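Structure, as structure tokens:
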Amino acid sequence: MQFILYLLLILLFTKVAGHVSVRLGQPAVLGKLIAGIVLGPAVLGWVQNDSLIHNMSEIGVLLLMFIAGLETDLDQLRRNWKPAVAVAVGGIILPLICGFGVGEAFGFSVHEGWFLGIILSATSVSITVQVLKDMNKLNTREGSTILGAAVLDDVLVVVLLAVVMSIFGMGGETSLGLLVGKKLVFFVVAILGGWFVVPWIMKILAPLKVTEAVITTALIICFGFAYFADMLGMAGIIGAFAAGIAIAQTSFKHVVEEKVEPIAYSIFVPVFFVSIGLNVSFEGVGQQLGFVVVLTLIALVTKLIGGGLGARLTGFDNRSALAIGSGMISRGEVALIIAATGLQTGLLAQQYFTSVIIAIILTTLASPPILKLCFSDKRESSAHDIEKKVSTDKS
């Protein structure tokens with residue numbers, strides 16, 4: 001029953017904290033992330049990040065990205081592939097170089113410095129997706145660019161990690177060709193499977209005379225895509241996102257969307273948000289406070305500028321570019337996984353692990369309010385431009 005108590009506390013705290021956050025003019029997800037810090041070892045210590053919490057949080061983030069795929073406008077995503085590439089590349093180069101610079105400044109070895117840069121290059125849009133959904137911005141040109149950039153970002157960061165591990169002999173995959181080949185196999189299979197196989201599976205299994213056959217079939221496809229992505233070295237969330245896009249092209253889209261959201265948001269997604277905060281522990285951080293502050297500021301600024309510059313160079317105005325850059329700030333669970341890999345392989349020193357985790361969490365916490373502020377400014381600017389145009393037309 002210990003886990004049941006954990007679940008009770010998580011659901012209660014996330015809903016109350018989310019409500020308070022909205023009342024204070026912030027996205028609900030910010031309150032949920034803070035709830036995880038309060039419940040975890042950093043403050044109250046009432047909830048521990050055990051295997052059950054971890055597994056439920058994994059399901060939560062997969063469902064969150066699956067829903068994002070269901071709601072994604074595929075045509076909009078296709079139209080914005082060039083800005084997405086520019087944003088992804090800009091959002092990797094600047095954090096990578098500056099991360100290495102931070103490592104040099106704090107006495108890291110060469111391989112530790114490059115690995116720090118890779119951590120800062122990671123992007124997780126699971127938090128961004130939730131904020132964009134809450135603001136009805138997921139299918140805007142900016143939202144589609146952020147999603148496309150995040151998918152490419154995941155591929156590039158994994159390749160970079162493999163290169164660093166190979167160069168410094170840390171047990172990484174030695175064949176870069178094989179690594180890239182596996183990524184290409186995933187995308188080819190995901191596209192062909194989404195085009196031909198997914199509609200066929202839905203038509204075969206959805207009519208079965210059992211309870212909730214449609215949503216069960218959709219979840220089978222979601223988890224199947226996620227597992228296949230992970231098997232080929234991609235993040236599982238990319239597979240879940242691809243599955244959502246595939247099902248969105250079928251006649252079952254609205255039924256699946258209507259059924260999966262209550263499952264996700266009632267239990268699994270709240271556990272995911274809290275699990276991020278559960279990674280925070282302030283033990284021994286006081287001696288590295290300067291490192292945490294510098295790393296966090298560099299992490300925020302480099303993604304904002306790098307991603308924003310990529311957007312600006314591909315036709316977005318300043319406000320839209322800033323909004324897109326802010327959407328790439330959150331490092332989330334992707335950076336946490338990379339940091340854990342670095343600890344296991346010796347690319348990240350044990351004494352800096354907690355400080356790096358805190359910096360990752362801080363970027364994740366900062367992302368929702370910054371994103372909302374940037375998109376709010378953009379909306380106010382658009383309203384002003386329309387009002388000005390109407391006034392001009394009347395004149």
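No experiment lies behind these values; they were computed from the predicted model shown.
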Check whether any side-chain heavy atom of [X] sits under 4.5 Å from a side-chain heavy atom of [Y], and report yes or no.
{"X": "M202", "Y": "I221", "answer": "yes"}
{"X": "I263", "Y": "I215", "answer": "yes"}
{"X": "T217", "Y": "V256", "answer": "no"}
{"X": "L96", "Y": "I118", "answer": "yes"}
{"X": "I119", "Y": "R331", "answer": "no"}
{"X": "V214", "Y": "K259", "answer": "no"}
{"X": "K372", "Y": "M135", "answer": "yes"}
{"X": "L7", "Y": "M56", "answer": "yes"}

Please find the pair of heavy atoms, one from [X] and one from [Y], that lie closest to each other, and give the distance.
{"X": "R141", "Y": "P83", "result": "NH2-CG, 4.4 Å"}
{"X": "L371", "Y": "A323", "result": "CD1-O, 3.7 Å"}
{"X": "Q351", "Y": "Q288", "result": "O-NE2, 2.8 Å"}
{"X": "G194", "Y": "P199", "result": "O-CD, 3.5 Å"}
{"X": "P270", "Y": "T14", "result": "CB-OG1, 3.7 Å"}
{"X": "L300", "Y": "A366", "result": "CD2-CB, 3.8 Å"}

Would you find more than 12 non-hydrogen atoms of other residues, nucleotides or ligands less than 6.0 Å from Y227 atom OH?
-> no
Neighbour count >12 (heavy atoms, 6.0 Å) for atom NZ, K133 = yes
Rounded at 0.5 Å granularity, tell me how far [atom1] in [X] sits from [atom2] in [Y].
{"X": "L116", "Y": "E104", "atom1": "CG", "atom2": "CD", "result": "11.0 Å"}
{"X": "L138", "Y": "L70", "atom1": "CG", "atom2": "CG", "result": "11.0 Å"}
{"X": "I237", "Y": "L62", "atom1": "CD1", "atom2": "CG", "result": "8.0 Å"}
{"X": "T145", "Y": "N80", "atom1": "OG1", "atom2": "CG", "result": "4.0 Å"}
{"X": "L278", "Y": "I10", "atom1": "CG", "atom2": "CD1", "result": "6.5 Å"}
{"X": "I238", "Y": "L152", "atom1": "CD1", "atom2": "CG", "result": "10.0 Å"}

Candidate pair V274 and K32, rule side-chain contact (heavy atoms from CB on, under 4.5 Å), full reasoning = CA-CA 6 Å; V274 166; K32 296 172 184 178; 5.8 Å; no
Any chance you could lay out the side-chain contact (heavy atoms from CB on, under 4.5 Å) test for L205 and L208, step after step, and finish with the verdict?
-> CA-CA 6 Å; L205 297 182; L208 294 179; 3.9 Å; yes
Start with the C-alpha distance between F228 and V189, add both sets of side-chain angles, then the distance that settles side-chain contact (heavy atoms from CB on, under 4.5 Å), and finish with yes or no.
-> CA-CA 10 Å; F228 180 63; V189 173; 3.6 Å; yes
Answer yes or no: is there a donor N or O on one side and an acceptor on the other, between the side chain of [X] and the main chain of [Y], under 3.5 Å?
{"X": "R319", "Y": "C374", "result": "no"}
{"X": "S320", "Y": "D317", "result": "no"}
{"X": "S21", "Y": "G18", "result": "no"}
{"X": "T296", "Y": "V292", "result": "yes"}
{"X": "S330", "Y": "T128", "result": "no"}
{"X": "N55", "Y": "S51", "result": "yes"}
{"X": "T216", "Y": "A213", "result": "no"}

Are [Y] and [X] connected in a single hydrophobic cluster, I mean Ile/Leu/Val/Met/Phe/Trp/Tyr linked by side-chain heavy atoms less than 4.5 Å apart?
{"X": "V198", "Y": "V185", "value": "yes"}
{"X": "V87", "Y": "L313", "value": "no"}
{"X": "M65", "Y": "M231", "value": "yes"}
{"X": "V293", "Y": "Y352", "value": "no"}
{"X": "V110", "Y": "V356", "value": "yes"}

Partners meeting side chain to side chain contact (heavy atoms under 4.5 Å, CB included) with F196 (sequence neighbours left out) | L192
Contacts table for residues 38-50: side-chain donor-acceptor under 3.5 angstrom, sequence neighbours left out:
{"unit_1": "Q48", "atom_1": "NE2", "unit_2": "G45", "atom_2": "O", "d": "3.3"}
{"unit_1": "D50", "atom_1": "OD1", "unit_2": "L52", "atom_2": "N", "d": "3.3"}
{"unit_1": "D50", "atom_1": "OD1", "unit_2": "I53", "atom_2": "N", "d": "2.9"}

Check the pair I357 / I361 against side-chain contact (heavy atoms from CB on, under 4.5 Å), numbers first and verdict last.
-> CA-CA 6 Å; I357 294 299; I361 300 297; 4.3 Å; yes
Tell me which donor-acceptor pairs under 3.5 Å the side chains of residues 242-254 have, and how far apart each pair is, sequence neighbours excluded?
{"unit_1": "Q249", "atom_1": "NE2", "unit_2": "I245", "atom_2": "O", "d": "3.0"}
{"unit_1": "T250", "atom_1": "OG1", "unit_2": "I247", "atom_2": "O", "d": "2.7"}
{"unit_1": "T250", "atom_1": "OG1", "unit_2": "F252", "atom_2": "N", "d": "3.2"}

Where does the angle between the aromatic ring planes of W114 and F100 fall among parallel (under 30°), tilted (30 to 60°) and perpendicular (over 60°)?
-> parallel
